[in-house]
A.B. asks: 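Structure in structure tokens, see below.
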Amino acid sequence: MDNNKNDMGSSRLSRRMDRRSEEERKLKRQSRIRAVTLIAVAAVCVLVLGGKQLNKYLDKNGTYLMIGDHKIDRAEFDYYSKTSYNNFINSYGSYASYFGLDTSKSLDSQYYTEKLTWQDYFDEQAVDSMKSIYALYDTGKAAGYDYDPSKTVKEEIDSIKSQAEENKQDADEYVKSLFGDYATLDKVESYMMTSDYASSYYDKIDKETKVSDDEVNDYYKSHKDEYDEVNYLICDIKADVPETEAETEAETAAAETAAQTETLSESESVAESEKESEQTKKAMDKAKAKANEMLSAVTDEKSFKDVYKKYAEDASSDPLHEGERSSAISNSEVSEWLFDSDRKAGDKTVIEDTDANEYSVVLFLKRYRDETKTVDFRHILIQPETTETTSADQTQAAVTAASESETESETLSESESIAESESEAKAKAQADADAKKKAEKIYDKWKKAGATEKTFEKYAKKYSQDTGSQENGGLYEQTTKGSMTTEVDDWIFDPARKPGDNALIHTTYGYHIMYYVGDNKPAWFNEAKNTLKSEKMDEFMKKIEKNYEVVEKRAKLNYMKVQKESESEGETSVDTETEKK
């Protein structure tokens, strides 16, 4: 018995030891699993954090995309994208909303097409700009074009620094707010140097690109309908088509008997459609008869205007249309009739417009080119420089004292107001007198220097305050009457004006030293010439840009993806059509 007991005790102890050993092994296994898991989690965290840091590093220093042989980093891409956006806003300002752009929202959340966001739009503009700039830069350098943009760029950089100071910001931080998180002042300066050189080289090629008179005349002959203008009279006679009710009796009955449905049965719908068509036909027939009746009474311009009062919906409106181009006439059939090569003065007709449910009675008067005179001139603008005078400061001090002693009033007393107005008037008059004196001094100096156009150009670049023409020697070309101030217009379009004439005139902008260069070609000629020149410059740009392939490296530009998909869909559709044939 004792032995059996010992054996049983020994067995139980052995089992307990075995269980303990198994538990210890389980604990060790679990510990190892936990350790491996913790190491794996730590490794993932390191990879994630490291990946973010790596992305930041690559964005800052790596190649974002390639344009030809040029490596573009993220900072440069952002600079051109932001510049494209800023240029758009500067051009359209408050009108941006008309294009569907809300400046208070993120660009990548607003779509300007079905598949492209506004961010895509500015990204594409950025890439196109860089492609043009680098093509021009490389071509200019290869051609030995000598131009140093450092002076112009320094002025732009100094302006940025001044704006940063005004905003009480570090210059690099201010630059980041303008051009993106990776921008620095040094980088922005280098981008400006490249783009300014490219822009100067483009201007050089543009000036050297010539268009002959023969080219313009040949171009006009093949595009007469685009440049010619017409004078005509028109009266629109609308058909009195009854508006259909939103819900007919048939619809009401159908809605009550067919689970409140709002649609007509097929037969009812067909019947209603036929009824409407019949009503429209009757109304159109009546309008046509009325139009023909008016046409028969028209013999010339005077008779048209006389009967117009009887047939027009608004008799007070003017039926005469002058100087209209084909592209400006909304009714294509009216346009085609007016610009028919066989059309002659006095021709008349009635033209149907089924879309608008109306008939137009039209009388053709004449077709012609825009022979409006244009002129070239140069000017040097000297503007008054107003400053706060001591008397004005004294007036303000008196105002402050009065406001403190008289119930904190914020308004000037009548005498103080008069004193301030007189002070401002004196300051303005003095500034105007100073500007006149300065202009007269420059004018006399130019006369003593020989009074030549070449000297005038030099003086304009040095003294003129008109930023729009200063760099071009104060030159305005192809100027039409009405495009300048009245005083300038009256001087340059004086019938007695001849090349070399000069004068000092005064406008609301200041004092203008004027130099008349001479008459230019008629308006139609200049327009056609400018179009031809633009086409030649477009051809030049296409030629130099053709080898500048855009290759994404780290950039994943959505607009490029959409373009590729569209091209692929286009190829597929073409292939399908080919297979069908």
Side-chain angles (χ1 to χ4, degrees), residues 56-57 59-64 67 70-94 96 103-104 106-107 119 122-123 125-130 132-134 136-137 140-141 145-203 381-388 431 435 438 460-472 509-510:
K56 285 184 178 180
Y57 176 83
D59 272 345
K60 188 175 182 180
N61 303 288
T63 301
Y64 195 61
I67 295 181
H70 295 275
K71 296 178 180 179
I72 309 300
D73 62 15
R74 181 63 184 272
E76 186 169 6
F77 176 82
D78 286 349
Y79 168 81
Y80 282 103
S81 184
K82 296 282 187 182
T83 299
S84 177
Y85 171 78
N86 292 334
N87 289 341
F88 184 91
I89 296 302
N90 289 336
S91 297
Y92 299 107
S94 59
T103 56
S104 68
S106 64
L107 296 175
Q119 185 62 60
F122 294 116
D123 286 350
Q125 293 293 307
V127 172
D128 288 345
S129 293
M130 286 186 283
S132 297
I133 286 167
Y134 278 113
L136 285 163
Y137 181 87
K141 289 293 184 181
Y145 176 57
D146 185 19
Y147 170 73
D148 183 5
S150 56
K151 181 182 177 182
T152 303
V153 172
K154 184 180 183 302
E155 291 174 356
E156 293 175 359
I157 292 298
D158 287 345
S159 176
I160 290 175
K161 288 179 179 177
S162 297
Q163 291 169 19
E165 283 183 21
E166 289 177 11
N167 291 336
K168 297 180 180 179
Q169 280 184 282
D170 172 76
D172 275 338
E173 287 303 312
Y174 181 68
V175 162
K176 283 179 171 58
S177 70
L178 293 176
F179 303 116
D181 294 339
Y182 300 102
T184 65
L185 200 61
D186 289 341
K187 285 185 175 183
V188 167
E189 185 174 4
S190 71
Y191 307 150
M192 287 181 174
M193 292 285 284
T194 302
S195 61
D196 196 62
Y197 178 92
S199 178
S200 178
Y201 183 66
Y202 180 91
D203 290 342
L381 172 64
I382 304 300
Q383 295 176 303
E385 297 178 4
T386 56
T387 56
E388 288 187 7
K438 183 179 178 181
K461 288 180 178 179
K462 185 176 181 179
Y463 297 111
S464 183
Q465 293 174 292
D466 176 12
T467 55
S469 68
Q470 182 187 25
E471 289 302 313
N472 203 26
Y509 293 99

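From a predicted model like this one, the values you see are computed outputs, not experimental measurements.
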A.B. asks: What are the two closest non-hydrogen atoms of Asp196 and Tyr147, and how far apart are they?
C.D. replies: OD2-OH, 2.8 Å
A.B. asks: NZ/Lys141 to OG1/Thr194 distance, rounded to the nearest 0.5 angstrom?
C.D. replies: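 It is 9.0 Å, given to the nearest 0.5 Å.
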A.B. asks: Within this structure, what is the CD1-CG distance for the pair Ile89 and Asn86, rounded to the nearest 0.5 Å?
C.D. replies: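 Ile89 atom CD1 to Asn86 atom CG measures 8.0 Å (nearest 0.5 Å).
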A.B. asks: Sequence neighbours excluded, which residues qualify as ring pair (Phe, Tyr, Trp, His ring centres under 6.0 Å) partners of Phe88?
C.D. replies: Tyr92, Phe99, Trp118, Phe122
A.B. asks: Under 4.5 Å between any side-chain heavy atoms of Glu76 and His70, yes or no?
C.D. replies: no
A.B. asks: For Tyr80, check side-chain hydrogen bond (donor to acceptor under 3.5 Å, both in side chains) against everything at least two apart and list the hits.
C.D. replies: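 Applying side-chain hydrogen bond (donor to acceptor under 3.5 Å, both in side chains) to Tyr80 gives none.
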A.B. asks: Closest heavy-atom contact between Tyr182 and Arg74?
C.D. replies: CD1-CG, 3.7 Å
A.B. asks: Quick one: does any side-chain atom of Gln125 pair with a main-chain N or O of Ser84 as donor and acceptor, under 3.5 Å?
C.D. replies: no
A.B. asks: Of all residues at least two apart in sequence or in a different chain, which pass the side chain to side chain contact (heavy atoms under 4.5 Å, CB included) check with Asp466?
C.D. replies: His379, Leu381, Ser464, Ser469, Tyr476
A.B. asks: Which atom pairs, donor and acceptor, lie under 3.5 Å between side-chain atoms of residues 153-163 and protein residues at least two apart or in another chain?
C.D. replies:
residue: Lys154; atom: NZ; partner: Asp158; partner atom: OD2; Å: 2.9
residue: Ser159; atom: OG; partner: Gln163; partner atom: NE2; Å: 3.2
residue: Ser162; atom: OG; partner: Asp158; partner atom: O; Å: 3.0
residue: Gln163; atom: OE1; partner: Tyr174; partner atom: OH; Å: 2.9

A.B. asks: Ser132: what forms a side-chain hydrogen bond (donor to acceptor under 3.5 Å, both in side chains) with it, not counting sequence neighbours?
C.D. replies: Glu545
A.B. asks: Who are the side chain to side chain contact (heavy atoms under 4.5 Å, CB included) partners of Asp170, not counting sequence neighbours?
C.D. replies: Asp172, Glu173
A.B. asks: Which residues satisfy the ring pair (Phe, Tyr, Trp, His ring centres under 6.0 Å) test with Tyr145, sequence neighbours excluded?
C.D. replies: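 Tyr197, Tyr201.
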A.B. asks: Taking only residues two or more places apart in sequence, or in another chain, which ones meet Ser150 in a side-chain hydrogen bond (donor to acceptor under 3.5 Å, both in side chains)?
C.D. replies: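 Per chain and number, Ser150 pairs via side-chain hydrogen bond (donor to acceptor under 3.5 Å, both in side chains) with Asp148.
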A.B. asks: On a heavy-atom basis, which atom in Ala164 and which in Ala171 lie closest, and how many Å separate them?
C.D. replies: CB-CA, 3.9 Å
A.B. asks: What's the shortest heavy-atom distance between Ala183 and Lys176, and which atoms?
C.D. replies: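 Looking at all heavy atoms of both residues, the closest pair is O-NZ, 3.2 Å.
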A.B. asks: Decide yes or no for Tyr79 and Met192: does some side-chain heavy atom of the first lie under 4.5 Å from some side-chain heavy atom of the second?
C.D. replies: yes
A.B. asks: Tell me, please, which residues at least two apart from Phe77 pass ring pair (Phe, Tyr, Trp, His ring centres under 6.0 Å).
C.D. replies: Tyr64
A.B. asks: Between Tyr134 and Ile72, is a side-chain contact (heavy atoms from CB on, under 4.5 Å) present by the stated rule, with each step listed?
C.D. replies: CA-CA 11 Å; Tyr134 278 113; Ile72 309 300; 3.6 Å; yes
A.B. asks: Can you name the residues that form a side chain to side chain contact (heavy atoms under 4.5 Å, CB included) with Ser199, not counting sequence neighbours?
C.D. replies: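 In terms of side chain to side chain contact (heavy atoms under 4.5 Å, CB included), with neighbours along the sequence ignored, Ser199 is linked to Asp203.
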A.B. asks: Taking salt bridge (Lys or Arg N to Asp or Glu O under 4.0 Å) as the test, write out the residues that go with Lys461, two or more places apart.
C.D. replies: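 So Lys461 forms a salt bridge (Lys or Arg N to Asp or Glu O under 4.0 Å) with Glu457.
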A.B. asks: Decide yes or no for Phe179 and Val188: does some side-chain heavy atom of the first lie under 4.5 Å from some side-chain heavy atom of the second?
C.D. replies: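 Yes. Closest side-chain heavy atoms under 4.5 Å.
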A.B. asks: Please identify each residue that fulfils side chain to side chain contact (heavy atoms under 4.5 Å, CB included) with Gln119, with sequence neighbours left out.
C.D. replies: Ser81, Leu107, Asp108, Thr117, Asp123
A.B. asks: Looking only at heavy atoms, which two atoms of Gly62 and Asp73 are closest? And how far apart?
C.D. replies: O-CB, 3.4 Å
A.B. asks: Give the minimum heavy-atom separation between Ile67 and Met130, together with the two atoms involved.
C.D. replies: CD1-CB, 3.4 Å
